[in-house]
Amino acid sequence: MTATVIDGKAFAAKVRGQVADHVARLKEEHGITPGLAVVLVGEDPASQVYVRSKGKMTVEVGMNSFEHKMDADTSEEALLKVIQDLNNDPSVHGILVQLPLPDHLDSDLVINSIDPAKDVDGFHISNVGLLGTGQKSMVPCTPLGCLMMLRDHHGSLSGMNAVVIGRSNIVGKPMAQLLLNDSCTVTIAHSRTKDLPGVVKQADIVVAAVGRPEMVPGDWIKPGATVIDVGINRIDAGLKEDGSPKTRLVGDAHYDSCAAVAGAITPVPGGVGPMTIACLLANTVTACSRANGLKEPEGLTA
Ligand code: GUN
């Protein structure tokens, strides 16, 4: 079998289009422009790239983008004050504090100081609890993007065996919860799991979110299964013609061998990656609609 390639780039563009339509309606019918505030502490190069890209796409869908850049040695008190001001600002509907934070800052404390209704990352303990009990919440962007792609490909996920490899708070745990809420039978596997190949072989849906390049080979995959690859790993790829080092991006799944047996697979790049920012924008328009007591956008929530 050769797998269907799930085109996350095209899917994300479609989601952004739906967000833009909803933003236009909020503006025309209610005079409201959704606003997303991103807080970046320090100068981590990867974080700077993400934040720039988020700001650009926020504006492209017609929303207001607010950026708060703070020095790496910012005090916790100063950061909490910025968050408090954003919590109280009615033009801000979504707040994202870019992670990782510098070591001297307590990420849990900072995240839990965000108003849960504006927590577009879905990391606040209130949102984690709401998701865990099947109530309306803000849902973490990457797992939400994976869920949207799975629902689009399969329709109903009810009764499917899903194995999530990885137990992070950002991806693994919320992903498992979302799949459970969609009536999958869910296993969370991790570095201590016994017979990981055997566990993965049972899965109709495999979500690989471990951060280890090409860790999942094709012979772990049940023929016809769907592989959702959350990994984005940069690895060495020999030398360029001028002798300088070359790199390439790979996922947590070994693409060629998995694609040879899977029914469907997300590529890296161009799979899950583009869905994350699209879902951040979707969460912001959802938060704005809820804050104003208006109907939520359809198809953009869990
Ligand atoms: N850093 C890497 N991914 C994320 C994310 O999804 N949200 C935030 N806030 N920071 C991140």
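Whatever order the structure lists ligands and atoms in, that order sets their numbers, starting from 1. Side chains are part of it too, since the values below use all heavy atoms of this structure and drop only hydrogens, waters and symmetry mates. We're numbering straight along the sequence, starting at 1.
- Those atoms of ligand 1 that come under 4.0 Å of a heavy atom in Leu96, given as number and element, are 9 (N).
- Not a single N or O atom of Lys54, backbone or side chain, sits closer than 3.5 Å to an N or O atom of ligand 1.
- For the pair Asp121 and ligand 1, the shortest N or O to N or O distance falls below 3.5 Å.
- Formation of a donor-acceptor pair under 3.5 Å by the His124 side chain with backbone atoms of Asn112 is found in this model.
- For atom 1 (N) of ligand 1, the nearest protein heavy atom is under 4.0 Å away.
- Lys201 pairs by the side chain to side chain contact (heavy atoms under 4.5 Å, CB included) definition with nothing, not counting sequence neighbours.
- Heavy-atom separations between Tyr50 and ligand 1 are all 4.0 Å or longer.
- Each of Asp108, Leu99, Leu96, Val97 was evaluated against Phe123; a single residue qualifies, Leu99, per the side chain to side chain contact (heavy atoms under 4.5 Å, CB included) test.
- Here Lys27 pairs with nothing under the salt bridge (charged side-chain N to carboxylate O under 4.0 Å, His left out) rule; sequence neighbours left out.
- Distance alone, capped at 3.5 Å, is enough to place a donor-acceptor pair between the Asn233 side chain and the Val250 backbone.
- Atom 10 (N) of ligand 1 has its closest protein heavy atom at Leu99 N, 3.0 Å.
- Atom numbering of ligand 1 starts at 1 in the shown order; those under 4.0 Å from a heavy atom of Val97 are 8 (C), 9 (N).
- Nearest protein heavy-atom contact of atom 3 (N) of ligand 1 is Gln98 NE2, 4.7 Å.
- The CG atom of Leu300 sits 9.0 Å away from atom CG of Asn283, with the distance rounded to the nearest 0.5 Å.
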